[in-house]
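Just so it is clear, the values below take in all heavy atoms, side chains as well, and ignore hydrogens, waters and symmetry mates. All values derive from a computational prediction rather than experimental measurement. So that the names make sense, note that chain A is the first sequence line, chain B the second, and so on, each numbered from 1.
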Protein chains: 2
Amino acid sequence: MKKETNAPVCEVEIVDGKKVEKAKEKIADTDQVLEMADIFKLLGELTRLKIVLVLLNSELCVCDLAAAMDANVSTVSHQLRLLRNAKLVKYRKEGKMVFYSIDDNHINDAIKKIKEHTEE
Amino acid sequence: MKKETNAPVCEVEIVDGKKVEKAKEKIADTDQVLEMADIFKLLGELTRLKIVLVLLNSELCVCDLAAAMDANVSTVSHQLRLLRNAKLVKYRKEGKMVFYSIDDNHINDAIKKIKEHTEE
DNA sequence: CAAACACTTGCACGTTTGTTCAAATGTATG
DNA sequence: CATACATTTGAACAAACGTGCAAGTGTTTG
């Protein structure tokens, strides 16, 4: 086992330098890792995940979305904003109503990115 | 447009009943939706996502993991526990060291579940 | 043009969560 | 058996987050 000879504290104590180097490469592209994390984070919350799952089927207005998932309109709207910012959903205005749907292009891009990472 | 005739407050005001019903079905399986959210939540945090990405390559001990991602050993260990509980990673003890790696079976199960939902 | 309505937004609150430090556990080794 | 070391764990703290209310915007309709 190769060990660093310094390291007075239990830190920066590396056991297998080569592995560590390879590992670092895997996460070197900070922006991409951050982007992945953001998408996962967005889907990792119940209200938002429900919204996305529901919208995979069809376009819905905020009101119906809220009804379908038994949530407050305000809550749904707040979370829609986050999904909108991340371009996971898109919207279409029709009078005073707003219809939301999945932004397929961006979702597919996201899935691609994740696959690239997991299937290397 | 069909509307409920009650609804004094701006609530439970349903515009398209059929759509709402279909939407409800999509998220009817509460357990499964929760399970999906948990996995996404786990991957939606930078430290944990990095751990997973790094482990996709090779097995690493806690010490090297921490070194590779420039994080505190304690922090890594805490997050490893969560990934372990969710069976996303598995571990192997060798003396005083613990080597972590991806628990492929469970990861694949997870991916399947997500695909089922997204490709219906 | 006032009232109703769909939706958004700002704020405040309580909760959850990630991190760090310090101490504990368990294992090798001299 | 004491020391060194890898890892885990608990406690404490700050930061981030989701939610609901109330107020605001913009649009339709009588």
Side-chain angles (χ1 to χ4, degrees), chain A residues 1 3-16 20 34 37-38 40-51 59-86 89 91-100, chain B residues 1-16 20 37-38 40-51 59-86 89 91-100:
Chain A
M1 290 187 194
K3 289 199 185 183
E4 299 291 302
T5 45
N6 49 347
V9 200
C10 175
E11 223 176 316
V12 199
E13 177 81 56
I14 294 168
V15 176
D16 187 333
V20 172
L34 269 169
D38 282 342
F40 283 133
K41 193 174 296 176
L42 248 5
L43 298 176
E45 198 273 326
L46 214 50
T47 306
R48 288 191 297 262
L49 180 58
K50 281 184 185 173
I51 292 177
E59 182 188 64
L60 262 83
C61 67
V62 179
C63 200
D64 284 359
L65 257 175
M69 48 203 298
D70 203 36
N72 200 308
V73 173
S74 169
T75 301
V76 172
S77 184
H78 274 300
Q79 302 304 347
L80 277 170
R81 184 166 51 84
L82 300 180
L83 294 171
R84 229 164 48 212
N85 290 345
V89 304
Y91 64 98
R92 173 176 72 81
K93 291 192 177 180
E94 195 176 316
K96 60 186 169 188
M97 295 173 68
V98 182
F99 289 91
Y100 281 87
Chain B
M1 289 188 195
K2 311 154 199 164
K3 291 201 183 181
E4 300 290 305
T5 46
N6 49 349
V9 201
C10 175
E11 223 177 315
V12 198
E13 177 82 54
I14 294 169
V15 178
D16 187 334
V20 172
D38 282 341
F40 284 133
K41 192 174 297 176
L42 247 6
L43 298 177
E45 198 274 325
L46 214 51
T47 306
R48 289 191 298 263
L49 180 59
K50 281 185 187 173
I51 292 176
E59 182 187 67
L60 262 84
C61 67
V62 179
C63 200
D64 284 358
L65 257 175
M69 48 203 299
D70 204 36
N72 200 310
V73 173
S74 170
T75 302
V76 172
S77 183
H78 274 299
Q79 302 304 347
L80 278 170
R81 184 165 51 85
L82 299 180
L83 294 170
R84 228 163 49 211
N85 289 346
V89 305
Y91 64 98
R92 174 177 72 81
K93 290 193 179 180
E94 195 177 315
K96 61 187 169 187
M97 296 172 70
V98 183
F99 289 91
Y100 280 88

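With rounding to whole Å, B/Ile51 atom CD1 is found 13 Å from D/dT7 atom C1'. When rounded to the nearest whole Å, the span between CG of B/Leu65 and P of D/dA6 equals 14 Å. Distance A/Leu42 CG to D/dG18 P: 9 Å, rounded to the nearest Å. Rounded to whole Å, atom P of D/dA6 lies 11 Å from atom CZ of B/Phe99. Summarising the geometry, the separation between CZ on A/Arg81 and P on D/dG18 is reported as 11 Å, rounded to the nearest angstrom. In this structure, A/Leu43 places its CG atom 12 Å from P of D/dG18, rounding to the nearest Å. For the pair B/Met97 CE and C/dA28 P, the computed distance is 12 Å after rounding to whole Å. When rounded to the nearest whole Å, the span between CG of A/Asn72 and C1' of D/dG18 equals 12 Å.
Within the structure, a side-chain polar atom (N or O) of B/Arg48 is placed less than 4.0 Å from OP1 or OP2 of C/dG18. Under 4.0 angstrom from either OP1 or OP2 of D/dT19 there lies at least one side-chain N or O belonging to A/Gln79. Dashed line: the shortest gap from a side-chain N or O of B/Arg84 to OP1 or OP2 of D/dT7 is not under 4.0 Å. The phosphate of D/dA6 has neither OP1 nor OP2 within less than 4.0 Å of any side-chain N or O from B/Ser77.
Comparing D/dT8, C/dT27, D/dG18 by their closest approach to the side chain of B/Lys96 singles out C/dT27. For B/Cys61, whose side chain is taken as the heavy atoms from C-beta onward, the closest listed nucleotide among D/dT27, C/dC11, D/dT7 is D/dT7. Nearest to the side chain of A/Lys41, among D/dT9, D/dC17, C/dG18, sits D/dC17. Which of C/dG18, C/dT9, C/dA6 sits closest to the side chain of A/Ser74 comes down to C/dT9. In the set C/dT20, D/dC5, D/dT8, the nucleotide with an atom closest to the side chain of B/Val62 is D/dT8. The listed nucleotides are D/dT19, C/dG18, D/dT8; the one nearest the side chain of B/Tyr100 is D/dT8.
In this structure, CD on A/Glu59 lies 4.0 Å from CZ on A/Arg92, to the nearest 0.5 angstrom. Atoms CD and CG, on B/Gln79 and B/Leu46 in that order, are 10.5 Å from each other to the nearest 0.5 Å.
Side-chain atoms of A/Thr47 and A/Lys50, non-hydrogen and from C-beta on, never get closer than 4.5 Å to each other.
Comparing B/Thr75 and A/Val76, the nucleotide of DNA chain C nearest to each residue sits closer to the 5' end for A/Val76.
No donor-acceptor contact under 3.5 Å links the side chain of B/His78 to the base of C/dT17.
A side-chain contact (heavy atoms from CB on, under 4.5 Å) with A/Leu42 holds for exactly one of A/Ile51, A/Leu83, A/Asn85; it is A/Leu83.
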- Given the rule in the side-chain contact (heavy atoms from CB on, under 4.5 Å) test, do B/Leu80 and B/Val98 qualify, once you have shown the distances and angles that lead to the verdict? CA-CA 11 Å; B/Leu80 278 170; B/Val98 183; over 6 Å; no
